[in-house]
Protein chains: 2
Amino acid sequence: MLNQNPKFDLMFQALADPTRRAMIDRLSRGPASVSELAKPFDMSLPAVVQHLQALEASGLVSSQKVGRVRTCKIEPEALSQAEQWLNERRTLWVNRLDRLGEYLAATADEEEGK
Amino acid sequence: MLNQNPKFDLMFQALADPTRRAMIDRLSRGPASVSELAKPFDMSLPAVVQHLQALEASGLVSSQKVGRVRTCKIEPEALSQAEQWLNERRTLWVNRLDRLGEYLAATADEEEGK
DNA sequence: ATTTTGGTTAAGCATGGAATTAAGTAACAA
DNA sequence: TTGTTACTTAATTCCATGCTTAACCAAAAT
């Protein structure tokens with residue numbers, strides 16, 4: 001299916017939960033089955049699967065089932081899209097600050113040299 | 001107060017809402033008052049202020065009141081922290097993929113040369 | 001002094017999210 | 001073939017979120 005347009009609502013929503021961030025953290029170290037993913041959490045399996053669904057719906061994680069085990073992995077492109085959204089806004093702001101700094105410096109120079 | 005520890009729950013929660021992302025987008029172009037921020041939205045002022053509170057609680061935005069107008073601005077450090085969280089996990093995964101690629105390549109070479 | 005502007009507080013409502021338990025299915029193992 | 005493993009589905013509960021209106025307050029303008 002390879003849907004490429006970023007679903008920021010779902011992505012950031014998915015990232016807002018500590019359980020789901022822990023899952024991403026785990027998956028960043030390599031693929032895992034559902035029950036492997038569930039092991040660290042004091043939580044029913046259906047609860048874990050619901051978190052997983054949130055992660056998949058957002059595109060941050062994908063999975064495929066072989067036999068009876070579903071293996072999950074990170075989708076780095078999606079992570080990257082969220083990253084970029086933040087980066088663009090931040091650099092816009094920071095560059096604006098820089099230009100303001102230059103302007104103030106220039107103005108000060110003029111004052112000095114007048 | 002200058003609290004420096006990242007509140008990822010609140011940050012990503014704040015980012016999950018399109019109205020709040022639009023506000024950050026607006027603020028990336030420069031500071032704004034509450035009513036300036038509210039203008040683009042078809043929404044009551046209290047609703048906008050509640051969004052703003054979510055943004056401030058997360059640390060992504062700060063504001064200060066002078067006279068009766070409250071001026072809001074982006075906190076680039078907070079943006080950066082969220083960005084880094086994503087980046088660290090993504091690069092971990094990608095590097096792992098690279099090493100796996102190298103391993104497979106090396107194995108193929110051995111096969112070839114045996 | 002009165003009105004307008006810019007924002008705040010509070011109460012209430014509707015929807016959605018995180019968890020549970022219980023029951024079901026399908027693959028693999030003995 | 002019978003049991004165990006690895007999930008899946010469904011129903012339910014409970015709390016959080018996003019929004020509304022109404023009433024309020026204090027600074028600025030007239």
Side-chain angles (χ1 to χ4, degrees), chain A residues 1 7-27 30-74 78 82, chain B residues 1 7-27 29-75 78 82:
Chain A
M1 199 240 245
K7 295 167 274 190
F8 291 118
D9 281 35
L10 297 177
M11 281 190 200
F12 288 123
Q13 184 65 36
L15 290 165
D17 186 280
T19 303
R20 290 193 290 259
R21 283 200 309 280
M23 287 177 172
I24 292 187
D25 208 54
R26 164 65 188 79
L27 290 176
S33 73
V34 171
S35 27
E36 276 168 2
L37 267 184
K39 214 159 281 170
F41 303 109
D42 183 20
M43 193 184 294
S44 69
L45 201 98
V48 169
V49 172
Q50 283 180 52
H51 283 300
L52 206 42
Q53 284 167 349
L55 287 167
E56 289 208 50
S58 76
L60 290 168
V61 164
S62 69
S63 73
Q64 62 173 28
K65 201 168 179 176
V66 172
R68 62 183 166 169
V69 6
R70 174 173 301 279
T71 304
C72 310
K73 69 180 189 27
I74 277 191
Chain B
M1 200 237 237
K7 294 168 273 190
F8 291 118
D9 281 36
L10 297 177
M11 282 190 199
F12 288 123
Q13 183 68 21
L15 290 165
D17 186 280
T19 303
R20 290 193 290 259
R21 284 199 309 280
M23 288 177 172
I24 291 187
D25 208 53
R26 164 64 187 80
L27 289 176
R29 280 152 182 94
S33 72
V34 171
S35 29
E36 276 168 3
L37 267 184
K39 214 159 280 170
F41 304 107
D42 182 20
M43 193 183 294
S44 70
L45 202 99
V48 169
V49 172
Q50 282 176 39
H51 283 301
L52 206 42
Q53 285 167 350
L55 287 167
E56 288 208 51
S58 75
L60 290 167
V61 164
S62 69
S63 74
Q64 63 174 28
K65 200 169 179 176
V66 172
R68 62 183 168 171
V69 6
R70 173 173 302 279
T71 305
C72 309
K73 68 178 188 30
I74 276 191
E75 286 298 326

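Below, chains carry the letters A, B, ... as their sequence lines are ordered, and counting in each starts from 1.
- Within the structure, every side-chain polar atom (N or O) of A:Ser33 is placed at least 4.0 Å from both OP1 and OP2 of D:dA6.
- Atom P of nucleotide D:dT8 and atom CG of A:Leu52 are separated by 8 Å, given to the nearest angstrom.
- Rounded to whole Å, the distance from CE on B:Met23 to P on D:dG18 is 11 Å.
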What pairs of donor and acceptor atoms, side-chain ones from residues 50-57 of chain A against any protein atom, are under 3.5 angstrom apart with sequence neighbours left out?
residue : atom : partner : partner atom : Å
A:His51 : ND1  : A:Arg20 : NH1          : 3.1
A:Glu56 : OE1  : A:Ser63 : OG           : 3.4
A:Glu56 : OE2  : A:Ser63 : OG           : 2.7

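- In this entry the distance linking CG of B:Asp9 with C1' of D:dC15 reads 16 Å, nearest Å.
- Shortest non-hydrogen contact noted between A:Arg26 and A:Leu37 is CG-CD2, 3.7 Å.
- The side chain of B:Val49 sits closest to C:dT8 out of C:dG6, D:dT8, C:dT8.
- Summarising the geometry, the separation between CD on B:Gln64 and C1' on C:dG6 is reported as 16 Å, rounded to the nearest angstrom.
- To the nearest 0.5 angstrom, B:Arg68 atom CZ is 11.0 Å from B:Ser33 atom OG.
- Evaluation of the salt bridge (Lys or Arg N to Asp or Glu O under 4.0 Å) test over residues 9-19 of chain B, restricted to residues two or more places apart or in two chains, returns A:Arg21-B:Asp9.
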Contacts under 3.5 Å, N or O only, protein and nucleotides 19-26 of chain D:
residue : atom : partner : partner atom : Å
D:dC19  : OP2  : B:His51 : NE2          : 2.1
D:dC19  : N4   : B:Gln50 : OE1          : 3.2
D:dC19  : N4   : B:Gln50 : NE2          : 3.4
D:dT20  : OP2  : B:Ser44 : N            : 2.9
D:dT20  : OP2  : B:Ser44 : OG           : 2.8
D:dT20  : O4   : B:Gln50 : NE2          : 3.4

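- A distance of 5.0 Å separates CG in B:Leu60 from CG in B:Leu15, rounded to the nearest 0.5 Å.
- In this structure, the NZ atom of A:Lys65 is 11 Å from the C1' atom of D:dT5, given to the nearest Å.
- C:dG16 atom P lies 17 Å from atom CD of A:Gln53, rounded to whole Å.
- Atom-to-atom, CD of A:Gln13 to P of C:dG16 comes out at 12 Å; the value is rounded to the nearest Å.
- To the nearest 0.5 Å, atoms CZ (B:Arg29) and CD1 (B:Ile74) are separated by 9.5 Å.
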